[in-house]
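Written below as structure tokens is the structure these notes are about.
Small disclaimer: the values here were computed from a predicted structure and weren't measured. By convention in this document, chain letters (A, B, ...) are assigned in the order of the sequence lines, proteins followed by strands, and residues within each chain are numbered from 1.
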Protein chains: 2
Amino acid sequence: MMNKVELSSKQRELIERLGVSHEKSGIPPAPSRILGLLMVSPELALSFDSIRETLNLSKSATSNALNMLLTMNRIEYITQPGDRKRYFKNRLVSWREEAKTAFERITQVSAILEEVLENRTKETPEFNENLREAISFMRFMNQHLPELYLEWEKSKD
Amino acid sequence: MMNKVELSSKQRELIERLGVSHEKSGIPPAPSRILGLLMVSPELALSFDSIRETLNLSKSATSNALNMLLTMNRIEYITQPGDRKRYFKNRLVSWREEAKTAFERITQVSAILEEVLENRTKETPEFNENLREAISFMRFMNQHLPELYLEWEKSKD
DNA sequence: TTTTTGGTTCTCAAAGAAAAGAACCAATAA
DNA sequence: TTATTGGTTCTTTTCTTTGAGAACCAAAAA
């Protein structure tokens, strides 16, 4: 039953740093470590048990974390004929979608701020002007980020 | 001692929505509401007690939240001659700095990912290529976001 | 039919985050 | 000198998050 993935101390360190980085963006510790492991591991597709044993997690923690990551679309799993196990992989492809989501957050915030602006007293022109400027910046970003993305696509060839 | 700020239900709603939005970016509930209040309130500079009473917070919660926001540079306070009270205001100016911080996060992440890439096995060329691409995208963004900012500045006149 | 595998779900304990309330304190006012 | 103001700090409580462990369960294997 030795399902553990063998990792160098450098690899373990990177997993932790990736973990912390994910925690910063709001993902809980266990799922964060799993994402890290699935980024660093030489083997791309890992079974429930090898994840569990490599990271010293309980079954419940592993199960919940994997399901959360599946729901978030951050990982996926593959299966093999004649093997009931699922093998989980980092869905690295999803970074484009993530970027998009991050950009959409800007839209949401600027929408709220516009509503705030509409409802503000006219007695505070300077503040309102500042607010207007922030909104304008966000709108501008939103308009031009897609173009920037296309530019990057082109720059690749 | 009626220090409460008078707010319409629309204004209260906006404060809550701004609050939730701030919570999403990692700021705790009380400070989040205070930021919302200081964004919506017709009066720009509010005293400790009017914040406390308007948001129904305890003294300790108010004190801690205000100090956290001061440390984060999200608010500032002004004083008036012959008045010991401090009047707190939203430091709306700081959105540029915040944007910069957000951009810097991209740099940090791409730095970790590069290190991961250097330490990956060569046996997984497709995965590695994807990773390389994600890194390239982040680097590109980082290079061009400052230009985009300048463009926006110009577009204002 | 019974056992094993590959998990899931439930219950509980531990730890941490938030906030309340009271005690406290320095500076000003009386 | 004493009282008040404008907070800060400490202690306690409450709520939430996280994860462990055990019970559970469906599908497949024996």
Rounded to the Å, how far apart are [X] [atom1] and [N] [atom2]?
| X | N | atom1 | atom2 | answer |
| --- | --- | --- | --- | --- |
| B/Asp49 | D/dT8 | CG | C1' | 14 Å |
| A/Arg52 | C/dG6 | CZ | P | 12 Å |
| A/Phe48 | C/dT5 | CZ | C1' | 12 Å |
| B/Leu70 | D/dG7 | CG | C1' | 13 Å |
| B/Ile27 | C/dA17 | CD1 | P | 16 Å |
| B/Asn64 | D/dG6 | CG | P | 19 Å |
| A/Leu66 | C/dG7 | CG | C1' | 10 Å |
| A/Gln80 | C/dT5 | CD | P | 18 Å |

Are B/Leu69 and B/Val93 co-members of a hydrophobic cluster defined by side-chain heavy atoms under 4.5 Å apart?
no

Are A/Val20 and A/Leu55 connected into the same hydrophobic cluster when the rule is that any two of I, L, V, M, F, W, Y join if their side-chain heavy atoms are below 4.5 Å apart?
no

Which sits closer to the 5' end of DNA chain C, A/Ala61 or A/Lys85, going by the nucleotide each is nearest to?
A/Lys85

Could a donor-acceptor pair under 3.5 angstrom be found where the side chain of B/Arg84 meets the base of C/dT28?
no

When you measure from the side chain of [X], which nucleotide among [options] comes out closest?
| X | options | result |
| --- | --- | --- |
| B/Ala30 | C/dG7, D/dG7, C/dA19 | C/dA19 |
| B/Ser60 | D/dT5, C/dG21, D/dA20 | C/dG21 |
| B/Lys59 | D/dT8, D/dA20, D/dT4 | D/dT8 |

Relative to the 5' end of DNA chain D, which residue comes earlier, A/Leu57 or A/Gly82, by the nucleotide with the nearest heavy atom?
A/Leu57

B/Ser63 side chain N/O closer than 4.0 Å to the phosphate oxygens (OP1, OP2) of D/dT8?
yes

Under 4.0 Å between a side-chain N/O of A/Arg86 and OP1 or OP2 of C/dG6, yes or no?
no

B/Glu123 and B/Thr121: which non-hydrogen atoms are nearest, and at how many Å?
CG-OG1, 2.8 Å

Got a second to check how far B/Thr107's OG1 is from B/Met138's CE, nearest 0.5 Å?
10.0 Å

Across the strands shown, which category fits B/Asn67 at heavy-atom distances under 4.0 angstrom: base, sugar-phosphate, nothing?
sugar-phosphate

Would you say A/Arg74's side chain and A/Asn90's backbone share a donor-acceptor pair under 3.5 angstrom?
no

